[in-house]
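Inspection log for the structure reproduced underneath, given as C-alpha cells.
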Amino acid sequence: MAQPRMYREAVASYNTAFPDQLMVAQYRSHLNIIQVHVPDEMARNFSDDDALRVLLHNQIPLDWVDHAYTYGVVYLEQQFHNPMMSLDIFHKIDDKRHQRLLCYGTPPAIPQWDGWREISEDDHYCLLFKCDEEHALSESPEAKGLYSLPFGPTFSPLASILLCI
C-alpha cells in the first residue's frame with residue numbers, strides 16, 4: 001500500500017467506531033502475525049480495505065506502515081513492468097498515491113531501519129530456516145495461519161513481516 005496516511009485514517013475510523021476496543025499496536029519482542037492466503041484467482045479482488053483489515057487485525061504499528069512506504073513504491077514500480085499487471089489498475093493506484101502525497105507528503109521512515117535493500121542470500125536462508133523451525137515445532141504456521149517470529153538486532157520486525165509472509 002503505497003498510499004500515504006491511508007492506514008492512519010483506517011485506525012482513526014476503527015477507534016471511532018469501536019471506542020471500547022481501541023487498536024493497540026504490537027510493540028513486543030515476539031510478534032503474532034496472521035498470514036493471509038489469497039488464491040491467485042482471487043488476488044485481483046483483494047482491495048485496499050482488505051489489506052487495511054489485515055493490518056488492523058494484526059495490530060501493526062502505524063510507524064511501521066509509514067516506514068514501508070518506500071518499499072510499496074518500489075513494489076509498484078516492479079509490478080508496472082510485470083506483463084500480468086493491468087496498466088489501468090497501476091495508473092489508478094499511482095494517481096491516488098500522487099494525490100495523497102500532495103496532501104500529506106512522504107511518510108517518515110524509522111531512522112534505525114532506513115535504507116531498503118534487496119534481501120541477500122543469507123537473509124533468504126535465515127528466513128527459510130525460521131519458517132522451517134516453526135513447522136518443526138508442530139505449530140505449523142500453515143495449519144494455524146500464524147507466524148510468530150522473534151526479532152532482535154539482526155531482525156527488524158518489519159523485515160520479518162514483509163519477507164516471511
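A quick note: this is a predicted structure, and the numbers were derived from the prediction, not measured.
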> Which distance, rounded to the nearest 0.5 Å, do you find between the CG of L62 and the OH of Y7?
Replying inline: 6.0 Å
> Which value, rounded to the nearest 0.5 Å, describes the distance between I34 atom CD1 and H57 atom NE2?
Replying inline: 3.0 Å
> Do the non-hydrogen side-chain atoms of I33 and Q26 ever get within less than 4.5 Å of each other?
Replying inline: yes
>> Any non-hydrogen side-chain atom of W64 less than 4.5 Å from a side-chain atom of L55?
In response: no
> Do the side chains of V65 and I110 join up, straight or via other hydrophobic residues, at under 4.5 Å, putting them in one cluster?
Replying inline: yes
>> As an exercise, state the distance from CG of L56 to CG of D49, rounded to the nearest 0.5 Å.
In response: 10.5 Å
> Are I60 and V24 linked, directly or through other ILVMFWY residues, by side chains that come within less than 4.5 angstrom of each other?
Replying inline: no
> Looking at side-chain heavy atoms only, is the closest gap between D50 and V36 below 4.5 Å?
Replying inline: no
> Measuring from M6:CE to R100:CZ, what's the distance to the nearest 0.5 Å?
Replying inline: 4.5 Å
> Can you list the steps and then say if D66 with R8 is a side-chain contact (heavy atoms from CB on, under 4.5 Å)?
Replying inline: CA-CA 9 Å; D66 285 347; R8 288 183 180 277; 2.5 Å; yes
>> Do F129 and E133 make a side-chain contact, defined as non-hydrogen atoms from C-beta onward lying under 4.5 Å apart?
In response: yes
> Do other residues, nucleotides or ligands put more than 12 heavy atoms under 6.0 Å from the OH atom of Y125?
Replying inline: no
>> A quick test of your reading: do over 12 heavy atoms of other residues, nucleotides or ligands sit less than 6.0 Å from CD of E121?
In response: no
> Just wondering, are more than 12 heavy atoms of other shown residues or ligands nearer than 6.0 Å to CG in D132?
Replying inline: yes
> What is the distance from atom CG of N15 to atom CG of D20, rounded to the nearest 0.5 Å?
Replying inline: 11.0 Å
>> Whether the Y14 and E9 side chains hold a donor-acceptor pair (N or O, under 3.5 Å, no angle test) is what I'd like checked.
In response: no
